[in-house]
Amino acid sequence: MPADLHEKMDRYEGLLAEALAEAEAVPPADTPLGEAAAEYEEMAQSYLDDGRHFREHDDPVNALAAFSYGHAWLDAGARIGLFDVPESGHLFTV
């Protein structure tokens with residue numbers, strides 16, 4: 001049975017929003033790694049905003065892609081140690 005596009009879009013939007021709320025930058029902000037963490041977080045937030053824009057304009061494929069890319073930025077940042085994130089649960093692959 002194929003996945004329902006709208007259900008998946010809703011789920012990934014929620015995952016990205018929740019992941020953004022949970023991720024806490026580890027390095028001090030005034031260091032190169034702190035700047036990298038801020039850039040990763042900004043990218044994730046921008047993709048969340050973009051996904052919501054696509055959703056509002058009835059473009060679920062691009063909305064889902066944007067939510068997925070945004071989550072990938074956070075997940076990558078967590079894997080390289082830029083963010084303190086929950087190690088159990090469904091939000092991150094650490």
Side-chain angles (χ1 to χ4, degrees):
M1 167 182 263
D4 176 46
L5 179 60
H6 289 277
E7 181 278 326
K8 199 168 202 175
M9 177 184 61
D10 293 343
R11 187 164 30 100
Y12 277 63
E13 178 183 10
L15 285 171
L16 176 52
E18 189 177 351
L20 270 164
E22 290 289 329
E24 296 290 330
V26 173
D30 60 347
T31 66
L33 287 177
E35 292 172 8
E39 289 176 11
Y40 275 60
E41 185 175 5
E42 180 182 356
M43 290 298 294
Q45 182 63 56
S46 293
Y47 275 115
L48 179 61
D49 296 342
D50 289 349
R52 289 176 172 164
H53 171 82
F54 289 130
R55 170 197 286 277
E56 290 172 10
H57 289 87
D58 198 29
D59 188 351
V61 171
N62 282 318
L64 176 58
F67 298 143
S68 297
Y69 288 142
H71 195 273
W73 276 93
L74 284 182
D75 210 30
R79 298 235 352 143
I80 63 173
L82 295 178
F83 301 109
D84 181 26
V85 298
E87 291 188 18
S88 62
H90 62 286
L91 293 178
F92 296 96
T93 60
V94 293

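Since we're looking at a predicted model, the values are computed, not measured.
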J.: Is it true that Phe54 and Leu15 fall in one hydrophobic cluster, defined by side-chain heavy atoms closer than 4.5 Å?
T.: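 No, Phe54 does not connect to Leu15 through the hydrophobic network.
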
J.: Heavy atoms only: give me the nearest Leu33-Leu82 pair and the separation to one decimal.
T.: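 Closest heavy-atom pair between Leu33 and Leu82: O-CD2, 3.6 Å.
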
J.: Any side-chain hydrogen bond (donor to acceptor under 3.5 Å, both in side chains) pairs touching residues 69-89, not counting sequence neighbours?
T.: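 Qualifying pairs, neighbours excluded: Asp75-Thr93.
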
J.: Please lay out, stage by stage, how Val85 and Leu91 fare under the test side chain to side chain contact (heavy atoms under 4.5 Å, CB included).
T.: CA-CA 9 Å; Val85 298; Leu91 293 178; over 6 Å; no

J.: Indicate the atoms forming the closest heavy-atom contact of Gly81 with Val26, along with that distance.
T.: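 The answer is O-CB, 3.8 Å.
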
J.: Identify the heavy atoms of Leu16 and Phe67 that sit nearest to each other, and give their distance.
T.: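 That would be CD2-O, 3.7 Å.
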
J.: Please report the shortest heavy-atom distance between Ala25 and Ala37, naming the atom on each side.
T.: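 Answer, listing the atom of Ala25 first, then Ala37: CB-CB, 4.0 Å.
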
J.: Do you know the tightest heavy-atom contact between Gly34 and Pro27?
T.: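 The answer is N-CB, 3.6 Å.
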
J.: CD of Glu18: more than 12 outside heavy atoms within 6.0 angstrom?
T.: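 Yes - once you tally the heavy atoms of other residues, nucleotides and ligands closer than 6.0 Å, there are more than 12.
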
J.: With Glu13, which residues qualify under side-chain hydrogen bond (donor to acceptor under 3.5 Å, both in side chains), at least two apart?
T.: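 For Glu13, the residues satisfying side-chain hydrogen bond (donor to acceptor under 3.5 Å, both in side chains) (neighbours in sequence not counted) are Arg52, Arg55.
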
J.: Report whether Ile80 and Leu74 are members of the same hydrophobic cluster (ILVMFWY, side-chain heavy atoms less than 4.5 Å apart, transitive linking).
T.: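 Yes, it is one cluster - the side chains of Ile80 and Leu74 are joined through contacts under 4.5 Å.
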
J.: Quick check: closest heavy atoms across Gly51 and Ala63, and the distance to 0.1 Å?
T.: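 Closest pair (atom of Gly51, atom of Ala63, distance): O-CB, 3.4 Å.
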
J.: State, with a plain yes or no, whether a side-chain heavy atom of Phe83 is found less than 4.5 Å away from one of Tyr40.
T.: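 They are in side-chain contact.
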
J.: With the 4.5 Å side-chain cut-off for hydrophobic clustering, are Leu20 and Leu64 part of the same group?
T.: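 Shared cluster, yes.
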
